[in-house]
There are 2 protein chains.
Amino acid sequence: MGLESYQIEKVESVTMADIVERRLLDYFKKNAFKPGDAIPKELELAEALEVSRNVVREALSRLKMLGMIESKKKRGMVLSEPDIFGGFERVLDPLILEQQTLQDLFELRMVLEMGLADLIFRRKTDGDVAELERIVQKSTNQNKASFKVKHEIAFHGKLYAMTGNATIMRFQNLLLPIFEYVVAEEEKLHGVPPISHVGHADLVQIIKNGTPQEFKEAMRIHLSPHFDRLS
Amino acid sequence: MGLESYQIEKVESVTMADIVERRLLDYFKKNAFKPGDAIPKELELAEALEVSRNVVREALSRLKMLGMIESKKKRGMVLSEPDIFGGFERVLDPLILEQQTLQDLFELRMVLEMGLADLIFRRKTDGDVAELERIVQKSTNQNKASFKVKHEIAFHGKLYAMTGNATIMRFQNLLLPIFEYVVAEEEKLHGVPPISHVGHADLVQIIKNGTPQEFKEAMRIHLSPHFDRLS
DNA sequence: TTTGTTGTTATGTTCTACATAAGTATTAAA
DNA sequence: TTTAATACTTATGTAGAACATAACAACAAA
């Protein structure tokens, strides 16, 4: 019988900084702290938690990284509106993420793109459509690979921008390098995917005169070369 | 003319820990570090960067929080597969996020839900459909509000699970409390939204016998009470 | 070969000291 | 009295030393 049958769980050493970090987060939630609220001084926290100031500073440093805490000399520290994707951004390195996670993120971006339709149609303006047409226009002449990538980013980026949702916009921008990395890896293995039957120009026409339903179907076809490669 | 026209940017004090954190991340990327690779000792880093061991430890502590680094006494530290949404999770407190961000995340979850169709149809199994039917069945009798919430979570959670995408699954689980919070806030303002014409039972039938296109439209109608309240 | 001992080493934790910026109070000048 | 310059105070930022602790390594004992 192998060792794994004993369900041995590896002992991950929990440090004081881990505990203090957890305690601080709980403390903020329990007391309904809001951005702008002052939080106790380092020495007070150290005393209350019965750890050294150093440990407290390590925990605080973590929350500062997330933008959750801001500190000024003499004034002390205040809770602040965190950068919601700050931690996510730091971790998004294709080299350190598992292949499966990269694949998952690739799919996630496609899922987003498919789901954008209703927001886009709800919030599109004539100006938006005009700019999309301008973007498509510029790409008809160019053929260089580097330009094509830029064009892809400009077009799909504009689609996200049209949702009027800054958070979704930011999220997709973070996902973009992962998407490109996975596409490049796929191309190494299976060659360049066939060009889709539905291009950007078609999508723009649908946004201009069509319906969300048509857009969803068109986007599905547009992305199908990628979709079809999923396991 | 207001001050804002001068584009005054607030001076955020950059600390040594901020710089060292940045340097470490760059260092890992530049040298193509992979999970499992050993990284220099604290003292070596401190010496190389010409800062105190304390500062190095603050920066390392941040990366440890993200799961990017693991350390063991004597053995030293190794790079490791980070928890991709670890930082995100810590920051997801409705009380400290801006109202607009909460709204954005609410929309993001709906966008996800709309976009799931193709993945679900591509990967559904008979067992999945059976379980969905079981979930719907159980809800027909119950009426209590608390049960309804649980049922919502079970049903939509199962939909995400059917995508076979652990990352998307995790993401939606993190988004869930935000979604519920926003729904609760909306109900305080505008009362309980009208029940949609398309219920869970209808969605299951479509998954069983219908097409992705039908599912997308059905999901749109199912979510429309929420959608219609968006600005 | 296995088990026990001893030393070594890198991280974990604490303590002290001082630098620095930014309020606060005090004093001097108008 | 009001204003400006001054010194004082305080909380964070940084540095350095010291010791605790876990885990590896090497050797000795069974």
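As a basis for the values below, the full set of heavy atoms in this structure was taken, side chains included, without hydrogen atoms, waters or symmetry mates. Reminder, nothing fancy here: chain letters follow the sequence lines and each chain counts from 1.
Atoms CG (A:Leu45) and P (D:dT12) sit 8 Å apart, rounded to a whole Å. The separation between B:Glu70 atom CD and C:dG12 atom C1' is 16 Å, rounded to whole Å. Taking atom CG on A:Leu43 and atom P on C:dA17, their separation rounds to 14 Å, with Å as the unit. Here D:dG16 presents its P atom at 15 Å from CD of B:Glu42, a figure rounded to the nearest Å. As rounded to whole Å, 18 Å separates atom P of D:dG13 from atom CZ of B:Arg57. Atom NZ of A:Lys72 is separated from atom P of C:dG23 by 8 Å (rounded to the nearest Å). Remark: P of D:dT14 and CD1 of B:Ile19 are 8 Å apart, rounded to the nearest angstrom. Straight-line distance from the CD atom of B:Glu44 to the C1' atom of C:dT9: 12 Å, rounded to whole Å.
Residue A:Lys41 has a polar side-chain atom (N or O) positioned under 4.0 Å from OP1 or OP2 of D:dA11. Remark: B:Lys73 is not in phosphate contact with C:dT13, judged by side-chain N or O atoms under 4.0 Å from OP1 or OP2. Between A:Ser71 and the phosphate of D:dG13, there is a side-chain N or O to OP1/OP2 separation shorter than 4.0 Å. Checking the phosphate oxygens (OP1, OP2) of D:dT10, no side-chain nitrogen or oxygen of A:Arg75 falls inside 4.0 Å.
Of the residues near DNA chain C, A:Arg53 and B:Ile39, the one whose nearest nucleotide (by heavy atom distance) lies more toward the 5' end is B:Ile39. Nearer to the 5' terminus of DNA chain C, by closest-nucleotide assignment, is the contact made by B:Met77 (compared with the other of B:Met77 and A:Asn54).
The side chain of A:Lys74 has C:dG23 as its nearest neighbour among D:dT14, C:dG23, D:dA22. The B:Val55 side chain lies nearest to D:dT14 when the options are C:dA21, D:dT14, C:dG12.
With hydrogens and angles ignored, the 3.5 Å screen pairs no side-chain donor or acceptor of B:Ser71 with any backbone N or O of B:Val78. For B:Glu81 (side chain) and A:Glu98 (main-chain N/O), a donor-acceptor pair under 3.5 Å exists by modelled atom type. B:Glu107 contributes no side-chain N or O that, together with a main-chain N or O of B:Asp104, makes up a donor-acceptor pair within less than 3.5 Å.
Environment of CD in B:Glu47: sparse, with no more than 12 heavy atoms of neighbouring residues, nucleotides or ligands closer than 6.0 Å.
Contact annotation: the side chain of A:Glu113 never approaches that of A:His222 to less than 4.5 Å [non-hydrogen atoms, C-beta and beyond].
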